[in-house]
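What follows is a set of notes on a single structure, which appears directly below.
Heads up: numbering here begins at 1 and tracks the sequence.
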Amino acid sequence: MYKVGGVAGVSGTLGLISASVLAAADDKPSTTLSVDELSLYTTTARKIQHVEPETGPVEEGVSTLRKLAEPYVTWCQGVYGTVKPTVDGTVQFGQNSYAYLKNPPPEFYPRAGIIGFAGILGLFLGRGSRLKRLVYPTGLMAVGASMYYPQEAVTIAKNTGDSVYDLALQAYVSVEKLIRNTPASKKKDQAEKSSSGETKA
């Protein structure tokens, strides 16, 4: 039993030792050869080339689908880029409103009640036409809100007045361009030019 263990240990150790290999030759009996020179270890040099596999119908369908979807994806990314700030602002406004309504100042709910009651009174008074239903509630709510929040009312009125003035000015300029460029005025201009040309001649 001891001999078997010793032989196994010696054979395992010999496998780990690297040594030079001697080969018998006819002309030189003591020639030493390296491991690379033995025919058992030589390998033929192969040229490896990577060949692209042929595209199948699934790959062609996927590439066609990607090309078709690319403009829509870029459009969606652009829309997302423009909509995201608005959505973020709305979410932030909602969070701020929730925090404000969670701990409101003591006079907030009575003021909101009066402003809301003014709107309901405007709906009651505005019966009859659609214009009255739009103007009366909005006007009474604006009057009620301006009584409690005068600084904000002044700011909103100023901004609204500037916007209305700009819109009125743009409308005036557009109407003036339409009046000047009518076909009748063009005919008059041509008639005036032709008559002035005849008088000069």
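- Criterion: ILVMFWY side-chain heavy atoms under 4.5 Å apart, direct or through other members. Under it, Tyr148 and Val154 are not part of a common hydrophobic cluster.
- By the rule that hydrophobic residues join a cluster once side-chain heavy atoms approach within less than 4.5 Å of another member, Leu123 and Val135 end up as members of separate clusters.
- Taking all atoms of both residues into account, the shortest heavy-atom contact from Lys132 to Pro137 is O-CD, 3.6 Å.
- Nearest heavy atoms, Gly122 versus Tyr136: O-CB, 3.4 Å.
- Phe124 and Leu134 are not part of a single hydrophobic cluster, where members link through side-chain heavy atoms under 4.5 Å apart.
- Contact between Leu140 and Leu121 at its shortest, heavy atoms only, is CD1-C, 4.2 Å.
- The two residues Met141 and Ile115 make their nearest non-hydrogen contact at CG-O, 3.5 Å.
- The hydrophobic cluster containing Ile114 also contains Leu101, counting ILVMFWY residues as joined when their side-chain heavy atoms lie under 4.5 angstrom apart, directly or transitively.
- Between the side chains of Gln92 and Asn96, a donor-acceptor pair is found at a separation under 3.5 Å.
- Heavy atoms of other residues, nucleotides or ligands lying less than 6.0 angstrom from CD of Gln151 number 12 at most.
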| task | Would you check, one step at a time, whether the test salt bridge (charged side-chain N to carboxylate O under 4.0 Å, His left out) holds for Lys84 with Asp88? | result | CA-CA 6 Å; Lys84 186 178 184 301; Asp88 289 343; 3.0 Å; yes

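- When every heavy atom of Pro104 is checked against every heavy atom of Tyr109, the shortest pair comes out as CG-CE1, 3.5 Å.
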| query | What do the steps show when you test Gln170 against Val173 for side chain to side chain contact (heavy atoms under 4.5 Å, CB included), and what is the final call? | reply | CA-CA 5 Å; Gln170 289 175 0; Val173 169; 5.8 Å; no

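- Connection of Val87 to Trp75 is established within a shared hydrophobic cluster, with ILVMFWY side chains joined at heavy-atom distances below 4.5 Å, either directly or through further cluster members.
- If you take OG1 on Thr74 and OH on Tyr72, they are separated by 10.0 Å, rounding to the nearest 0.5 Å.
- Within the model, atoms CG of Asn103 and OH of Tyr98 stand 9.5 Å from one another, a figure rounded to the nearest 0.5 Å.
- A side-chain donor-acceptor contact under 3.5 Å links Ser146 to the backbone of Val143.
- For Arg111 (side chain) and Phe108 (main-chain N/O), no donor-acceptor pair under 3.5 Å exists by modelled atom type.
- Of all heavy-atom pairs spanning Pro106 and Pro110, the tightest one is O-CD, 3.9 Å.
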| Could you walk me through whether Glu70 and Arg66 pass the salt bridge (charged side-chain N to carboxylate O under 4.0 Å, His left out) check? | CA-CA 6 Å; Glu70 185 177 358; Arg66 289 176 76 187; over 6 Å; no

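- Residues Val91 and Gln95 have side chains in contact (heavy-atom distance under 4.5 Å, counting atoms from C-beta outward).
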